[in-house]
Every structure is written in structure tokens, then in C-alpha cells.
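Each remark here refers to the structure printed beneath this line.
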Amino acid sequence: MKEQVQSDFTAAERYHSFERVALVLQGGGALGAYQAGVYEALAEAGTHPDWIAGVSVGAINGGIIAGNPPKSRIDKLREFWTRVTADAFLPCFDGVARAAARGNIARHIFNQLSAGRALASGAKDFFTTRPILPWFQPLGTIEATSFYDTRDLKRTLEQLVDFDRLNAGAIRFSAGAVNVRTGNFVYFDTTMRTIRPEHVMASAALPPGFPAIEIEGEHYWDGGLVSNTPLQWVVDAEPRRDTLAFQVDLWSARGEFPRNVSEVMTREKEIRYSSRTRAGTDQFKHVQKMRHALAGLLEKLPQDLKSGPEARALASVADRSAYNIVQLIYRTQSYEGHSKDYEFSRLSMEEHWRAGYRDARRALRHSEVLERPASREGVLTFDLHRDGRD
């Protein structure tokens with residue numbers, strides 16, 4: 001599932017000066033194997049997160065990482081992704097499919113067939129098709145509000161995640177979800193509550209495919225309906241700390257103008273779920289620059305002004321914390337199409353995993369990734385996808 005490891009992690013193996021290492025995981029269904037590959041590369045480089053914030057499949061991956069000891073995390077991630085993905089339709093077709101991977105048309109057909117199978121029957125140990133369509137179910141029942149049953153996911157999480165360990169606090173864990181009744185975005189966070197399988201499932205309950213998850217009398221849907229990228233939750237956290245954040249996105253906000261309806265559907269989904277991550281990062285960069293400037297200004301004030309109520313109010317906003325935001329964004333292959341997030345073939349999963357592993361290794365080769373930024377705003381963004389660095 002990974003390439004031969006080479007000793008090219010000299011930059012990542014150096015001690016970094018950040019108080020916090022965060023792993024920020026976007027939602028994206030079957031594309032989530034990319035995040036597993038990223039984590040494998042980070043772990044090999046000795047760069048371990050102490051905070052994981054995820055939405056949807058990002059919450060599932062994050063829960064598996066936070067809910068296992070370091071030596072078991074890769075194996076548990078691999079077990080999850082092997083369990084929920086399927087081999088080719090027939091054993092003899094697997095070799096044909098792999099050979100076809102070099103041809104875009106044949107591979108596109110294979111991917112669409114694989115996605116169709118997931119639509120028709122679900123993904124093993126994740127979700128299954130309900131035998132009766134929602135329109136023929138009693139009004140108000142959970143069966144009337146979703147096409148799939150996700151009880152298999154609960155069993156899988158219970159088998160792969162030690163929730164006592166997850167809640168013990170070695171790694172802070174956050175999962176984003178949406179309250180169906182109020183429409184408000186919420187985070188289930190280990191610093192605020194005890195996390196159980198239901199909280200992870202709620203973050204991944206994308207309607208109308210998956211049913212809402214009831215927690216303490218309220219129902220929750222997938223956090224991606226409001227914001228698919230939980231970076232803001234991390235960078236706005238109090239108290240502010242020097243933070244090295246690896247933001248692993250499964251949808252790219254940037255793309256080519258579509259040429260047909262299929263490409264329109266793909267592009268629309270990319271824009272919708274990318275959550276304008278680069279725009280959000282740029283905005284944070286500007287705010288942090290103002291915080292740095294304010295901190296410098298307050299230091300120059302005479303003592304009588306520093307003790308005034310206005311200065312005290314501004315001091316609560318001023319900040320000199322430093323942030324490195326490393327953006328790792330999955331680059332969609334031309335043959336994947338709009339069904340890529342529910343195309344659960346083993347072949348595609350392995351490709352996504354390898355892509356994440358490669359991208360993280362490339363990013364970690366750059367020494368500035370782990371160095372405290374010297375810029376005036378105290379924020380460095382490293383965008384491998386946009387900058388094209390090797």
C-alpha cells in the first residue's frame with residue numbers, strides 16, 4: 001500500500017518548536033484513504049498530532065488514530081479501509097481492472113461500475129441498503145428518512161477504536177456535526193464531553209443517504225453540510241498556542257472549467273465540499289497579522305495607558321502565536337468523476353492511500369514546514385498542490 005521508504009525525512013525528524021501539532025481532516029467518503037496515507041507518512045517521520053479535528057470520514061479516520069496506541073494506528077486504519085472497500089466484481093477481473101488503470105476510458109467505466117455497486121448494496125462494515133425504499137416506510141421512522149442503514153459502522157468503530165483511550169486526553173479529538181433541528185454547527189470535543197461511536201457517526205451522517213444520529217435527545221447530520229473543513233476550530237482555540245497544522249483536504253476548490261454535465265457535477269461537488277479552505281486560511285492570515293500588530297503596539301504604550309480599560313480589552317485580542325498551516329489536497333484523477341466519494345473499490349482505495357503518503361513525504365522534505373514562521377503575521381501556509389514544490 002506504500003512505496004519503498006527512503007531516508008529522506010531529515011527535515012521532519014528535526015525537533016520542531018511548536019506547542020501543538022494538529023491534524024485537520026476534511027470529509028470526502030471513499031477519498032478518505034488519502035488521509036490515512038498522509039498519517040502514515042507523518043508517523044514514519046516522527047510527527048505525531050496532539051489534536052485531531054475531523055468532519056465526516058475525517059472524523060472516522062481521526063477517531064481510529066486517537067483511539068489507538070501509536071504502534072497500532074496504521075494497522076487499524078488499514079483494517080478499516082480494507083474492510084469497507086471491495087475487490088473487483090470477479091476475481092479474474094481484478095487483474096483486468098489494474099491493467100485498465102493506465103487507460104482513462106476503461107478505468108472510468110470500472111469506477112462507475114464500482115460506484116454503482118456501492119449505491120445498490122452499500123459498503124461492507126460501513127453501510128447497507130435498506131430493503132424497502134424510504135417512501136414506503138412509516139412516516140417519522142428512521143427508515144423513512146434515509147436510504148442506508150449505518151449500524152454496521154457502529155460495530156466497526158467499536159471494534160477498531162478504544163474509546164476509553166480516545167477520551168483519556170493524550171490526543172484531543174474533535175468531530176464536527178450539524179444539529180438537524182437548529183441548523184447549528186457543533187463540535188463534539190474530548191475537552192467538553194465523553195466521545196462515543198454515536199458522535200463519530202453523527203459527523204458522518206450525510207443525508208439523505210445516511211440517517212441522522214440521535215444524541216441526548218437531539219439529532220445530528222454530517223458536519224460537511226455547513227463546513228467541511230475544521231481548521232477554524234483549531235486556529236481559533238483558546239488559549240492560543242504556536243501550532244503546526246496539517247490540513248488534509250479531499251476536495252480542491254480550484255479546478256478546470258467543466259466540458260460536459262458529468263464534469264459539471266464533479267466540479268459542483270468539489271466547490272461545495274472544499275469549504276473555500278484557501279480563502280479561510282487567507283482570512284486567518286490577515287487576522288493574525290492584525291493581532292501581531294496590536295501586540296506590538298500595546299508593548300509601546302506608556303504604563304498609564306496600558307492599565308486602562310481600553311488597553312486591557314485590546315490585550316485579550318492581541319497575540320504573538322505562530323502558525324504553520326501545511327495544506328495537503330487530494331488531486332482528482334481525470335477518470336474518477338462525481339461518484340469518487342462513494343466509489344469503494346480496493347483498487348481506488350490503494351491509489352488514494354499511496355497519493356496521500358507521497359504528498360506528505362514531499363511536504364516533509366521542506367525544512368520550512370517545521371520552522372517557526374518569521375513573517376509579520378506569524379503565519380506560514382505551505383500549499384504543495386498550488387506551489388508545485390517537490
Side-chain angles (χ1 to χ4, degrees), residues 20-29 32 35 39 49-68 73 76-77 80 126-127 142 146 150-207 209-239 243 245-250 273 275 280:
R20 178 164 59 205
V21 178
L23 186 59
V24 180
L25 304 176
Q26 202 178 71
Q35 297 171 342
Y39 177 75
D50 45 43
W51 187 355
I52 301 176
V55 169
S56 197
V57 76
I60 294 174
N61 282 327
I64 293 172
I65 296 168
N68 282 286
R73 291 169 184 167
K76 294 296 185 180
L77 284 169
F80 172 79
F126 194 164
F127 60 95
I142 195 169
S146 59
T150 56
R151 283 177 294 185
D152 286 352
L153 176 59
K154 185 174 188 294
R155 287 191 290 269
T156 299
L157 290 171
E158 290 171 340
Q159 292 165 5
L160 298 181
V161 178
D162 181 344
F163 282 90
D164 290 336
R165 172 181 287 273
L166 185 147
N167 287 291
I171 296 178
R172 180 175 176 178
F173 174 76
S174 310
V178 176
N179 185 305
V180 178
R181 183 180 58 82
T182 66
N184 291 334
F185 192 90
V186 299
Y187 276 102
F188 302 123
D189 193 297
T190 49
T191 64
M192 304 173 185
R193 65 171 73 208
T194 299
I195 302 299
R196 295 300 176 203
E198 291 79 9
H199 297 96
V200 179
M201 293 174 67
S203 183
L206 184 64
F210 296 167
I213 302 299
E214 183 177 0
I215 299 172
E216 298 174 0
E218 294 283 359
H219 290 82
Y220 296 91
W221 274 335
D222 192 307
L225 293 176
V226 173
S227 177
N228 200 34
T229 306
L231 179 65
Q232 207 67 35
W233 180 247
V234 173
V235 297
D236 285 346
E238 298 283 355
T243 300
F246 292 90
Q247 176 185 318
V248 191
D249 292 354
L250 304 177
Y273 289 124
S275 296

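Treat the numbers as computed from the prediction; the structure is a model and nothing was measured.
Nearest heavy atom pair, residue Val55 against residue Gly224, reads CG1-N, 3.4 Å. Between Val161 and Gly63 the shortest heavy-atom distance is CG1-O, 3.5 Å. Considering all non-hydrogen atoms of both residues, Ser227 and Phe185 come closest at O-CE1, 3.5 Å. Across all non-hydrogen atoms, the minimal contact from Leu231 to Ala245 is CD1-CB, 4.4 Å. The two residues Gly209 and Ser146 make their nearest non-hydrogen contact at O-CB, 3.5 Å. Nearest heavy-atom pair across Phe188 and Ala177 is CE1-CB, 3.7 Å.
Checked by atom type and distance alone, the side chain of Ser203 never pairs as donor or acceptor with a backbone atom of Asp222 at under 3.5 Å. Checked by atom type and distance alone, the side chain of Gln247 never pairs as donor or acceptor with a backbone atom of Val24 at under 3.5 Å. Counting only distance, with no hydrogens or angles, the side chain of Asn68 and the backbone of Leu160 share a donor-acceptor pair below 3.5 Å. Using modelled atom types, no side-chain atom of Asn61 and backbone atom of Leu25 make a donor-acceptor pair closer than 3.5 Å. In this structure a side-chain-to-backbone donor-acceptor pair under 3.5 Å is missing from Asp249 to Gln26.
Considering CD1 of Ile64 and OH of Tyr39, their distance stands at 11.5 Å, rounded to 0.5 Å. Remark: Phe210 CZ to Ser56 OG distance equals 8.0 Å, nearest 0.5 Å. Distance check: Ile213 CD1 to His219 NE2 gives 8.5 Å after rounding to the nearest 0.5 Å. Residue Ile171 holds its CD1 atom at 8.5 Å from CG of Leu166, rounded to the nearest 0.5 Å. Between the CE atom of Met201 and the NZ atom of Lys154 there is a distance of 7.5 Å, given to the nearest 0.5 Å.
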Q: Kindly determine whether Phe126 and Thr150 satisfy side-chain contact (heavy atoms from CB on, under 4.5 Å), including the steps that lead there.
A: CA-CA 6 Å; Phe126 194 164; Thr150 56; 5.6 Å; no
Q.
What verdict does the side-chain contact (heavy atoms from CB on, under 4.5 Å) test give for Ile60 and Leu153, after you've listed the backbone C-alpha separation in whole Å, the side-chain angles of each residue and the deciding distance to 0.1 Å?
A. CA-CA 10 Å; Ile60 294 174; Leu153 176 59; 4.1 Å; yes
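Salt bridge status for Arg20 with Asp50: absent, with no side-chain N to carboxylate O gap under 4.0 Å.
Considering Thr191, Thr190, Ile65 in turn, Thr190 is the only one that fulfils the side-chain contact (heavy atoms from CB on, under 4.5 Å) rule with Phe173. The only option from Leu225, Val178, Val180 that meets the side-chain contact (heavy atoms from CB on, under 4.5 Å) definition with Pro207 turns out to be Leu225.
Using a 4.5 Å heavy-atom cutoff, the side chains of Phe246 and Leu23 are in contact. Put simply, the side chain of Arg193 reaches to within 4.5 Å of the side chain of Ile195, judged on heavy atoms. Using a 4.5 Å heavy-atom threshold, the side chains of Lys76 and Arg73 count as separate. Using a 4.5 Å heavy-atom threshold, the side chains of Trp233 and Asp189 count as touching. The shortest distance between side-chain heavy atoms of Arg196 and Asn167 falls below 4.5 Å.
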